[in-house]
Amino acid sequence: MFRCSELLKKVPYTCLQGEDSVEITQVVYDSRKITKGCMFICIEGVNFDGHDFAEEAYKEGASCLVVSKDVILPKDSAITIIKVENTRYAMAFIAAAYFGNPAEKLKVIGITGTKGKTTTTYLVKSILENAGHKVGLVGTIEVIIGDTHIHANNTTPESFLLQQYFAQMVESGCDTVVMEVSSQGLMLHRTQGFIFDYGIFTNIEPDHIGPNEHASFEEYMACKGLLFKQCRVGIVNCDDKHYKTVTEGHTCKLLTYGFSKEADYCASRMELVHEKGHIGVDFTVSGQVNMEVEISTPGRFSVYNALTAIAICEQFGVGEEAIKKALLHASVKGRIELVKVSDEFTLMIDYAHNAMALESLLGTLKEYEPHRLVCLFGCGGNRSKMRRYEMGEVSGKLADFTIITSDNPRFEEPQAIIDDIVVGMKKTSGRYIEIPDRKEAIRYAITHGEPGDIIVLAGKGHEDYQEIKGVKYPMDERVLIADILRELEETNCSSTQQS
């Protein structure tokens with residue numbers, strides 16, 4: 001039980017009606033969860049407005065309404081009304097107080113940028129845990145609290161839910177949390193109510209611009225930049241041409257990383273590693289630390305991710321050998337995830353599910369000069385046909401051979417989606433085959449792999465299902481690969497016995 005004024009300690013407000021000393025049993029921002037004695041925060045969303053449910057909240061017995069504009073209530077209604085400038089902003093501080101300010105008991109690391117956020121969060125988590133920390137994670141794929149994995153609906157959850165996760169992390173013994181911070185999350189004040197210990201900037205490109213997102217690239221950059229007015233130490237990619245704009249007006253100590261010689265964490269002497277069934281990168285780090293590093297993921301962007309992790313872990317006092325060992329063995333599910341199937345060729349799983357991501361991935365892999373670059377992918381149903389044309393064209397131009405298959409067909413026929421991908425393929429001279437059944441397509445890729453090949457299974461990544469006509473059927477590519485290898489082994493044993 002709280003007094004209303006206790007929850008509002010860090011929020012400028014006006015009490016329009018009733019007493020701010022009223023007792024509060026719960027804090028609620030979803031009208032479907034209103035209970036007797038609760039504080040109901042009226043949030044304005046894209047498709048709804050909590051202020052419209054003020055009368056319902058009163059009738060259900062709410063003790064207090066937090067509003068940013070006038071609401072309609074019966075005359076002489078006995079309910080406390082608190083007026084604030086922005087209810088989303090207020091909710092972040094109210095939620096922090098309601099859960100006992102859990103972020104103050106954690107080291108909080110926030111990572112923002114157009115690309116690299118997910119991979120970097122898992123890298124940092126892996127390295128810090130190897131160094132003895134217990135680390136929670138909040139990201140695009142999931143929320144991790146101890147052994148509990150919770151499916152994520154938003155990259156950065158609503159402030160109330162975020163504070164609830166922090167409280168659960170503290171309760172489970174976590175001392176650190178690493179989280180992805182989206183521009184939407186920053187714009188909608190989901191990360192107010194606490195200070196990040198470390199804020200990371202990976203890179204920025206025009207993205208998330210349009211209705212219900214950002215009005216312009218300038219607004220997108222400004223929202224990303226809010227992180228550096230909410231953190232103690234900022235660690236930023238100084239190779240990104242927009243980094244000074246993003247960090248303009250920062251209130252934190254700023255450290256930099258990149259290939260620039262002026263970077264605090266500078267990468268140099270990068271060499272590609274391509275051995276049997278394995279690809280990676282070797283490079284040197286100088287500046288704040290001086291060490292040789294090998295990572296088991298390909299390309300320049302992997303070096304940036306590793307530099308971020310190194311910078312964070314150095315701030316935590318993690319030893320050089322611990323960092324090197326963790327980087328060599330760290331992997332992120334569905335992000336350039338190497339799956340060992342042969343010493344003769346390399347196979348990996350990646351989430352690349354649009355033309356930009358696929359072009360970046362295939363372009364990086366071509367630098368390794370494989371015997372053949374083989375790309376297996378499909379496209380989602382009930383989505384833009386343009387994405388299919390573009391992905392087909394990208395694979396046709398960059399891959400030596402493409403296996404077109406099914407992804408999440410949803411309510412479309414798989415073959416109709418494949419036909420659209422072929423439209424893009426035919427703009428190129430790329431060779432391809434159509435195999436609608438994804439398991440059979442993967443079997444074909446494995447059984448037709450040639451020495452020196454790099455084979456990419458693109459599009460599914462971390463997903464462990466296939467959505468067909470409204471039903472999500474279990475389908476994890478790692479499981480499919482294991483099944484295929486076992487079946488091939490059984491077939492070979494059977495053939496040997498017969499001969």
Side-chain angles (χ1 to χ4, degrees), residues 10 12 85-86 88-90 92-93 103 107-121 124 138-140 154-156 159 162 178-267 287-288 300-301 303-305 307-312 314-315 356:
K10 296 184 179 178
E85 185 175 342
N86 184 301
R88 282 189 182 276
Y89 181 83
F93 290 91
K107 287 287 187 184
V108 185
I109 304 164
I111 301 175
T112 199
T114 305
K115 293 187 294 190
K117 296 190 297 296
T118 300
T119 302
T120 306
T121 53
V124 170
V138 180
T140 302
N154 295 311
T155 297
T156 307
S159 59
L162 182 60
V178 57
M179 61 179 288
E180 296 183 51
V181 184
S182 68
S183 55
Q184 285 280 303
L186 288 160
M187 183 174 71
L188 297 174
H189 308 299
R190 291 173 184 166
T191 58
Q192 287 291 346
F194 66 95
I195 301 294
F196 288 91
D197 291 281
Y198 302 97
I200 313 298
F201 168 67
T202 60
N203 52 63
I204 196 162
E205 297 174 6
D207 196 14
H208 301 292
I209 296 164
N212 303 329
E213 292 196 89
H214 296 290
S216 64
F217 184 45
E218 287 69 29
E219 182 187 286
Y220 179 50
M221 286 193 289
C223 287
K224 291 288 190 192
L226 292 173
L227 178 60
F228 303 99
K229 297 171 184 176
Q230 296 175 30
C231 72
R232 294 184 174 90
V233 179
I235 301 172
V236 302
N237 175 4
C238 64
D239 290 350
D240 189 285
K241 64 182 179 182
H242 299 293
Y243 96 92
K244 287 188 177 178
T245 303
V246 170
T247 57
E248 189 176 357
H250 66 87
T251 57
C252 59
K253 175 185 177 183
L254 215 57
L255 296 170
T256 58
Y257 68 91
F259 286 85
S260 166
K261 290 181 179 177
E262 281 71 49
D264 295 306
Y265 297 88
C266 171
Q288 296 278 78
R300 196 176 179 90
F301 58 80
V303 174
Y304 283 116
N305 294 340
L307 284 173
T308 309
I310 291 167
I312 279 287
E314 200 258 337
Q315 297 294 308
M356 184 174 73

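These numbers come from a predicted model, not from an experiment. Worth knowing before you read on, the calculation uses all heavy atoms, side chains too, and leaves out hydrogens, waters and symmetry mates.
The side-chain contact (heavy atoms from CB on, under 4.5 Å) search around T245 returns M221, not counting sequence neighbours. Residues satisfying the side-chain hydrogen bond (donor to acceptor under 3.5 Å, both in side chains) test with Q315, not counting sequence neighbours, are Y265. Taking C266 as the reference, A263, S286 meet the side-chain contact (heavy atoms from CB on, under 4.5 Å) condition, with sequence neighbours excluded. Looking at residues two or more places apart in sequence or on another chain, you find no side-chain hydrogen bond (donor to acceptor under 3.5 Å, both in side chains) involving T247. Listed by chain and number, the residues in a side-chain hydrogen bond (donor to acceptor under 3.5 Å, both in side chains) with D240 amount to none (sequence neighbours excluded). Residues meeting the side-chain contact (heavy atoms from CB on, under 4.5 Å) test with T308, sequence neighbours left out: T120, I200, Y257. Partners of K10 by side-chain contact (heavy atoms from CB on, under 4.5 Å), not counting sequence neighbours, listed by chain and number: F93, E104. Under the side-chain hydrogen bond (donor to acceptor under 3.5 Å, both in side chains) criterion, K107 pairs with no residue, sequence neighbours left out.
Inspection of the T155 and E180 side chains reveals no N or O donor paired with an N or O acceptor under 3.5 Å.
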Discussion item. Using the rule given for side chain to side chain contact (heavy atoms under 4.5 Å, CB included), can you reason through F301 versus N203, listing the C-alpha separation, both sets of side-chain angles and the distance that settles it, and then say yes or no?
Written reply: CA-CA 10 Å; F301 58 80; N203 52 63; over 6 Å; no

Discussion item. For a side chain to side chain contact (heavy atoms under 4.5 Å, CB included) check, start with the C-alpha distance between T202 and Y304, then their side-chain angles and the critical distance, and finish with the verdict.
Written reply: CA-CA 8 Å; T202 60; Y304 283 116; over 6 Å; no

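Sorted by first and then second residue, the salt bridge (charged side-chain N to carboxylate O under 4.0 Å, His left out) pairs involving residues 225-239 (not counting sequence neighbours) are D197-R232. Each salt bridge (charged side-chain N to carboxylate O under 4.0 Å, His left out) pair with one or both residues in residues 245-258, not counting sequence neighbours, would appear here, but there are none.
Nearest approach of F228 to I235, heavy atoms of both residues: CE2-N, 4.5 Å.
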For residues 187-196, dump all side-chain donor-acceptor pairs below 3.5 Å to protein atoms at least two apart in sequence or in another chain.
{"unit_1": "R190", "atom_1": "NH1", "unit_2": "T156", "atom_2": "O", "d": "3.0"}
{"unit_1": "T191", "atom_1": "OG1", "unit_2": "Q230", "atom_2": "OE1", "d": "3.2"}

